[in-house]
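Have a look at the structure below before the remarks.
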There are 2 protein chains.
Amino acid sequence: MQLDQIDKKIVGILQTNSNQTNKQIALQLNLSVTATYERIKKLEKEGVIKKYVALIDHDKVNRSFTAFCHIKLAQHTKEYISTFEKEIMQLEEVSECFHVSGDYDYILKVYVEDMKAYREFMVNKLTVLRHIGSTHSIFTINAVKNSSSIAL
Amino acid sequence: MQLDQIDKKIVGILQTNSNQTNKQIALQLNLSVTATYERIKKLEKEGVIKKYVALIDHDKVNRSFTAFCHIKLAQHTKEYISTFEKEIMQLEEVSECFHVSGDYDYILKVYVEDMKAYREFMVNKLTVLRHIGSTHSIFTINAVKNSSSIAL
DNA sequence: ACTGAAAATGTCGAACC
DNA sequence: GGTTCGACATTTTCAGT
């Protein structure tokens, strides 16, 4: 699907705040409510907009501790990779997992309550996984910017 | 604010899909529409729910290339840190920026179209920033899991 | 892309368990 | 804390143009 300038603007608006009425969005676009409605429906249908979600304040739910965990597998066979990825998906503390280039194979983003909880996560959940070679943890001191949106 | 089990369930539901009607949510909670409505409003008012956003399919808008960029500052004075953080906020390619412990000072998550665009970002936008000591880039081969939600 | 109109929801007060 | 009922305002949704 090809996005024109108006579509891109809609995507920008909805990435910032999706809880606006069609009327409010139409106003920002200088478009009628129906035209806006149809464009949004199309973006949803085509899968450009994957879904709508609520973003939670980590501090208010005791998940202020963010860590990046770099992981090296013991081997790089197809079986090791696929097993590891399946298991990592099950860990609720892991909000993101990327297969990456470089010294390590995976980078995880982990949200837990505090350092104690992170230790428990490492000892009881992560290192019990088979196939893990080594890990390296980086702790965040402060989130300077933490956005879910992408610029178009 | 103290969250009970029902609140946590609401947060879970809205983190997965916020585009449901109160009625649909109430059904999942075995609660009345009004009770559901009031709990959600409270979560919003207290700031537990920060906002609602649309999530975009990166592939469909040509931002399939994800990189983690580790950055070391030249010095660690207050002035260097504050200037760097202000400048990094302005870069639209940077969706996340964390001040971290370890060998490097910052980790950025960068979304661009491809490697060529990443090179341009590095050369024209990142390395022109003053105060940067060194950088180390890690490229993602595959996103195994990429969620915005946190488990409660 | 716009107008107009029906159907569905959001919103909230009130009375009550 | 929870429920139900009711009612108005607002929105969504869609047909016709």
Side-chain angles (χ1 to χ4, degrees), chain A residues 1-64 92 113 147-152, chain B residues 1-62 147-152:
Chain A
M1 177 185 180
Q2 192 60 25
L3 304 188
D4 66 13
Q5 284 313 111
I6 299 178
D7 289 324
K8 288 183 184 175
K9 199 167 173 190
I10 291 176
V11 167
I13 290 170
L14 292 177
Q15 282 191 112
T16 306
N17 174 15
S18 66
N19 230 23
Q20 304 175 76
T21 65
N22 271 320
K23 199 195 254 183
Q24 289 174 299
I25 297 167
L27 217 72
Q28 297 171 63
L29 298 170
N30 283 95
L31 220 66
S32 73
V33 175
T34 310
T36 306
Y37 170 76
E38 276 163 1
R39 276 176 181 269
I40 293 174
K41 283 298 153 211
K42 187 166 185 199
L43 289 168
E44 291 169 357
K45 198 175 175 184
E46 302 273 349
V48 176
I49 296 173
K50 282 194 296 189
K51 58 176 178 172
Y52 298 91
V53 300
L55 298 185
I56 303 304
D57 187 324
H58 293 202
D59 294 336
K60 300 225 163 118
V61 294
N62 282 31
R63 294 291 182 284
S64 305
E92 60 170 35
E113 182 166 2
S147 155
S148 58
S149 70
I150 43 183
L152 296 186
Chain B
M1 178 186 181
Q2 193 59 24
L3 303 188
D4 65 13
Q5 284 313 111
I6 300 178
D7 290 324
K8 288 182 184 176
K9 198 166 174 192
I10 291 176
V11 168
I13 290 171
L14 292 177
Q15 281 190 113
T16 306
N17 175 16
S18 65
N19 230 22
Q20 304 174 78
T21 64
N22 269 322
K23 203 194 257 180
Q24 288 175 300
I25 297 167
L27 217 73
Q28 298 172 62
L29 298 171
N30 282 95
L31 220 68
S32 73
V33 175
T34 309
T36 305
Y37 171 76
E38 276 163 3
R39 276 174 180 269
I40 293 175
K41 283 299 154 210
K42 186 165 184 200
L43 289 168
E44 291 169 357
K45 199 175 174 183
E46 301 274 348
V48 175
I49 295 173
K50 280 195 296 188
K51 57 176 180 173
Y52 298 92
V53 300
L55 299 185
I56 303 304
D57 187 324
H58 292 202
D59 293 337
K60 300 225 164 118
V61 294
N62 281 30
S147 154
S148 59
S149 71
I150 43 183
L152 295 186

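We use all heavy atoms of the structure for the numbers below, so side chains are in, but hydrogens, waters and symmetry mates are not. Each chain gets a letter, A, B and so on, in the order its sequence line appears, and its residues count up from 1.
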Exercise for review: Provide, to the nearest angstrom, the distance between the NZ atom belonging to A:Lys42 and the C1' atom belonging to D:dC14.
Suggested key: 18 Å
Review point. Are the side chain of A:Gln24 and the backbone of A:Thr21 linked by a donor-acceptor contact shorter than 3.5 Å?
Key: yes
Revision key, fill the gap. Shortest non-hydrogen pair, B:Val48 vs B:Met1, comes out as CG2-SD, 3.9 Å
Point to revise | Rounded to 10 degrees, the angle between the two terminal axes of the helix from C:dA1-D:dT17 to C:dC17-D:dG1, each from five pairs | key: 30°
Exercise for review: Heavy atoms under 4.0 Å is the rule here; annotate nucleotides 1-13 of chain C 5' to 3' with B where the base is hit, S where only the sugar-phosphate is, and - elsewhere.
Suggested key: SBBB----SSSB-
Check your understanding: To the nearest angstrom, how far is B:Leu29 atom CG from D:dT3 atom P?
Key -> 10 Å
Exercise for review: Examine distances only and state if a side-chain atom of A:Lys9 and a backbone atom of A:Gln28 form a donor-acceptor pair shorter than 3.5 Å.
Suggested key: yes
Review point. Is it true that the side chains of B:Ser149 and B:Ser147 contain a donor and an acceptor less than 3.5 Å apart?
Key: yes
Practice item. Answer yes or no: is there an ion pair linking B:Lys50 with A:Asp59, defined by an N-O contact shorter than 4.0 Å? Key: no
Exercise for review: Have a look at B:Arg39 and tell me which of B:Asp4, B:Leu29, B:Leu3 forms a side chain to side chain contact (heavy atoms under 4.5 Å, CB included) with it.
Suggested key: B:Asp4
Exercise for review: List in chain and number order the residues that pass side chain to side chain contact (heavy atoms under 4.5 Å, CB included) with A:Ala151, two or more places apart in sequence or in another chain; answer none if no residue qualifies.
Suggested key: B:Glu92
Point to revise | B:Ala35 backbone acceptor or donor facing B:Glu38 side chain under 3.5 Å | key: no
